[in-house]
> 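What follows is a single structure, and I will ask about it in a moment.
Indexing begins at 1, ligand by ligand and atom by atom, following the structure's order. Because the structure is a prediction, the values reported are computed rather than measured. As a basis for the values below, the full set of heavy atoms in this structure was taken, side chains included, without hydrogen atoms, waters or symmetry mates.
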Amino acid sequence: MAYTAQLNKNVSVRTLKTLKLKGEKFVTVALYDAPMAAMAQRCGVQVVLVGDSLGMTVLGYDSTIPVTMEQMIYHVEAVARGNSKSLIIGDLPFMTYATPEQAMTNAARIMQAGANMVKLEGGSWLAETVNMLSERGIPVCAHLGLTPQSVNKFGGFRVQGREQEQAKKMARDARVLADAGADLLVLECVPSELAAKITKNISIPTVGIGAGQDTDAQVLVINDILGLTETPPRFSKNFLVDAADIPSALQQFVEDVRERRFPEVQHTFD
Ligand code: KIV
């Protein structure tokens with residue numbers, strides 16, 4: 001197939017900020033190995049997330065909680081070998097950033113494995129950590145809404161921010177994290193209106209998953225894009241159903257996000 005959106009230049013935090021300012025949607029895919037990472041580069045995926053979702057999508061756990069630093073490093077290294085152009089985010093696993101010092105040690109390991117940014121889950125309690133990482137040259141992606149490492153606190157994988165107090169807190173957390181130096185913010189399973197409001201009120205780009213059409217970028221997990229998930233989440237879409245092959249499915253996802261054809265209303269929450 002013809003790759004129409006191949007990345008020719010390295011994607012940086014500056015690139016993403018510029019895209020937000022220009023109102024151009026960008027694309028993120030969570031994936032875990034070198035061939036998929038290479039394909040993402042050919043298909044023009046600007047941001048690749050080596051998510052701790054790999055605990056569920058690759059390793060067969062029923063949550064992300066068992067994922068270790070060693071597993072994350074192994075997969076970040078593989079992805080970095082396959083892709084030299086997309087911006088690579090590596091997740092910090094459960095309890096590896098409970099204190100700022102612990103976060104620094106573990107973030108350094110993820111960066112040395114080949115990531116360009118680390119992601120951590122949580123609200124304003126992380127402000128000091130985000131600031132410390134940022135000041136020391138480590139770009140940070142924050143993550144609000146359904147933060148899967150807190151599944152036991154939430155009592156399941158459910159939409160967050162529907163109640164007024166929760167929504168206000170999320171909007172406040174987003175501002176605090178952006179002010180602390182975060183470069184990117186993932187919003188997962190959040191009502192569309194709230195995600196739109198947060199996106200408008202902060203200067204850093206937002207990346208939505210089940211967060212409506214108005215975030216600056218969209219992310220899906222490669223397993224969902226390719227129909228590998230037995231019970232796919234409502235916000236996902238199998239792009240392989242109507243595609244000739246795997247690269248065409250990924251390219252369709254990229255085009256549909258850029259042209260604002262994905263997500264559709266049925267992939268979003270009120
Ligand atoms: O771990 C992951 O893949 C993620 C995305 C679903 C946002 O956090």
Side-chain angles (χ1 to χ4, degrees), residues 16 26-33 36-37 40 45-69 71-76 78-79 86-97 106-107 110 115 117-123 126 140-151 154 157-161 170 174 177 182-190 195 198-199 204-212 215-226 228-229 231-237 250 253 257 262-263 267-269:
L16 304 182
F26 62 90
V27 184
T28 301
V29 175
L31 53 81
Y32 320 101
D33 61 36
M36 288 293 174
V45 173
Q46 287 107 327
V47 179
V48 163
L49 168 64
V50 188
D52 61 353
S53 52
L54 67 85
M56 300 170 81
T57 54
V58 178
L59 302 176
Y61 299 125
D62 63 3
S63 80
T64 57
I65 289 172
V67 175
T68 64
M69 277 299 296
Q71 288 163 343
M72 285 308 306
I73 286 168
Y74 179 86
H75 285 277
V76 168
V79 165
S86 308
L87 185 137
I88 298 174
I89 306 177
D91 257 342
L92 283 174
F94 180 66
M95 275 308 142
T96 61
Y97 52 97
N106 289 317
I110 296 284
M117 182 181 285
V118 298
K119 179 164 80 59
L120 29 75
E121 300 179 5
L126 279 169
V140 177
C141 176
H143 185 159
L144 294 172
L146 170 54
T147 45
Q149 291 173 14
S150 300
V151 63
F154 295 146
F157 294 97
R158 46 184 87 243
V159 178
Q160 300 294 312
M170 205 185 298
L177 292 165
D183 295 280
L184 209 56
L185 172 64
V186 167
L187 293 171
E188 179 165 354
C189 290
V190 171
I198 292 174
T199 300
I204 61 171
T206 58
V207 184
I209 176 161
T215 51
D216 299 302
Q218 295 289 331
V219 56
L220 279 185
V221 169
I222 192 73
N223 296 51
D224 292 340
I225 293 173
L226 302 180
L228 290 168
T229 313
T231 324
R234 169 182 162 164
F235 54 72
S236 72
K237 178 172 172 182
L250 185 57
F253 171 59
V257 170
F262 179 85
H267 306 117
T268 65
F269 300 103

> Is the CZ atom of F154 crowded by more than 12 outside heavy atoms at less than 6.0 Å?
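Yes, CZ of F154 has more than 12 neighbouring heavy atoms, counting only those of other groups under 6.0 Å.
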> Once side chain to side chain contact (heavy atoms under 4.5 Å, CB included) is applied, do any residues pair with F94, and if so which ones, sequence neighbours excluded?
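F94 satisfies side chain to side chain contact (heavy atoms under 4.5 Å, CB included) with I65, Q149 once adjacent residues are dropped.
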> Mind jotting down which protein residues get a heavy-atom contact under 4.0 Å with ligand 1? Chain and number order, please.
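Residue list for ligand 1: A30, L49, G51, D52, S53, D91, K119, H143, V186, I209.
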> Measure from the side-chain N and O atoms of S86 to the backbone N and O of V45, and report whether any donor-acceptor pair falls under 3.5 Å.
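Between the backbone of V45 and the side chain of S86 there is a qualifying donor-acceptor contact (under 3.5 Å).
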> Short question: side chain of H143, backbone of L120 - any donor-acceptor pair under 3.5 Å?
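Not at all, since once roles are kept as given, no pair shorter than 3.5 Å links the two residues.
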> Where does the angle between the aromatic ring planes of F253 and F262 fall among parallel (under 30°), tilted (30 to 60°) and perpendicular (over 60°)?
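Ring orientation of F253 relative to F262: perpendicular.
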> Is the backbone N or O of Q71 less than 3.5 Å from a side-chain atom of T68, with the two atoms forming a donor-acceptor pair by type?
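Present.
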